[in-house]
Protein chains: 2
Amino acid sequence: MDKKDLFGLCPFVTSQKILSGKWSIYLLYLLKDGPVRFNELMRMMPEEITHTTLSRQLKSLEEEGLIVRKEYSQIPPKVEYFLSEIGNKFDKVLLAMGEWGEEYIEFLKEKA
Amino acid sequence: MDKKDLFGLCPFVTSQKILSGKWSIYLLYLLKDGPVRFNELMRMMPEEITHTTLSRQLKSLEEEGLIVRKEYSQIPPKVEYFLSEIGNKFDKVLLAMGEWGEEYIEFLKEKA
DNA sequence: CATATAGGTATCCTCCTTGATACTAGGTAT
DNA sequence: ATACCTAGTATCAAGGAGGATACCTATATG
């Protein structure tokens, strides 16, 4: 029996692929409290990131159905990003991940 | 004020980096029920993966402190991998991620 | 006229991860 | 004598993600 690509079949393989982008988790975290504009996201990013990269990351999260892009027809442009329904449900993972991350940071300090 | 690398400071940035390997999440999932040998892991992987790649993934998880490598001095060699204490605490994230992953798979089916 | 604004795309380059292959150890089975 | 077993490492090639830069829109402002 051949081994198959389990994307869309195994929840862990599927999650792994969704989260593979360098900023996916942090973007979901930034969007969890409501709509944010493109340049606001830029300023909220923890490290330097080009708008090219941010644009690509947002586009792929949108294509995967986790976030929604809403464009206002005005000059200068205004675009808001916010979580979709399935994106919103990711909050439990974020919560657990935030708690684990803090414990891991403690672990790193003790090790040092 | 310059933006900095928040690894070791922000729980989400830190988690993202830990989980960046292509198989990290699935490996933590496979190891959650106890020690597993190298070749057993090979056979449990959902897709084809070379032993070179598996070896590297395990090594980096070990260096990050999430798993422990135990080598038995015997011929042929026997090596077991299992979760460290901080690796074990990741189970809550896995649980939430598993549930979300299943909902996301449902979402994909409805969309199709 | 030049410039700033917000939110992008197009293109190229580079680096990192992964994959493929060959090689290793020492003992046991055929 | 040869092959097989486990659990790797060393080396090289390929692919993809990310970064840098230039360019685009249409309007308002100096």
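A, B, ... follow the sequence lines: proteins, then strands. Residue 1 opens every chain.
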So does Arg37(A) get a side-chain nitrogen or oxygen closer than 4.0 Å to the phosphate oxygens (OP1/OP2) of dA6(C)? no
Does dG8(C) have OP1 or OP2 under 4.0 Å away from a side-chain N or O of Lys59(A)? no
What is the distance from CD of Glu71(A) to P of dG8(C), rounded to the nearest Å? 7 Å
Could you tell me whether Arg56(B) contacts a base, only the sugar-phosphate backbone, or nothing, with contacts defined as non-hydrogen atoms closer than 4.0 Å? base
Would you indicate what Gln74(A) reaches in the nucleic acid, counting non-hydrogen atoms under 4.0 angstrom: base, sugar-phosphate, or nothing? nothing
Phe38(A) vs Thr53(B), nearer the 5' end of DNA chain C by closest nucleotide: Phe38(A)
Judged by nearest nucleotide, the residue sitting upstream toward the 5' end of DNA chain D, Pro77(B) or Gly21(A), is Pro77(B)
Does a nitrogen or oxygen in the side chain of Ser55(B) sit under 4.0 Å from OP1 or OP2 of dT9(D)? yes
When the distance from CD1 of Ile67(A) to P of dG7(C) is rounded to whole Å, what number comes out? 14 Å
Counting only distance, no hydrogens or angles, is the base of dT21(C) paired donor-acceptor with the side chain of Thr52(B) under 3.5 Å? yes
Rounded distance in Å - CZ (Arg69(A)) to C1' (dG8(C)): 8 Å
Whole angstrom is fine here: how far is it from CG in Leu54(B) over to C1' in dT6(D)? 13 Å
Measure the acute angle between the ring planes of Phe107(B) and Tyr104(B), then classify it against the limits of 30° and 60° as parallel, tilted or perpendicular. tilted
Could you check how far CG of Asp5(A) sits from P of dT18(C), rounded to whole Å? 15 Å
Using a 4.0 Å heavy-atom cut-off, does Glu40(B) contact any base of the nucleic acid, only the sugar-phosphate backbone, or nothing at all? nothing
Can you find a donor-acceptor pair, distance only, under 3.5 Å between His51(A) side chain and dG8(C) base? yes
Verify the neighbour count for atom NZ of Lys111(B): are there more than 12 heavy atoms of other residues, nucleotides or ligands below 6.0 Å? yes
Please give, in whole Å, the distance from dG27(C) P to Lys78(B) NZ? 19 Å
Atom CZ of Arg43(A) and atom P of dT5(C) are separated, to the nearest Å, by 10 Å
Partner nucleotide, any strand, of dT21(D) [Watson-Crick/G-U, under 3.5 Å]: dA10(C)
Evaluate the side-chain proximity of Pro11(A) to Met97(B): yes if any heavy-atom separation is below 4.5 Å, no if none is. no
Given DNA chain C, 5'-ward residue of the pair Ile75(A) and Tyr81(A), judged by closest heavy atom: Ile75(A)
What class does the angle between the rings of Phe38(B) and Tyr81(B) fall in, given that below 30° is parallel, 30 to 60° is tilted and above 60° is perpendicular? tilted
Do you see a donor-acceptor pair shorter than 3.5 Å between the side chains of Thr53(A) and Thr50(A)? yes
Rounded to the Å, how far apart are Lys22(B) NZ and dG16(D) P? 10 Å
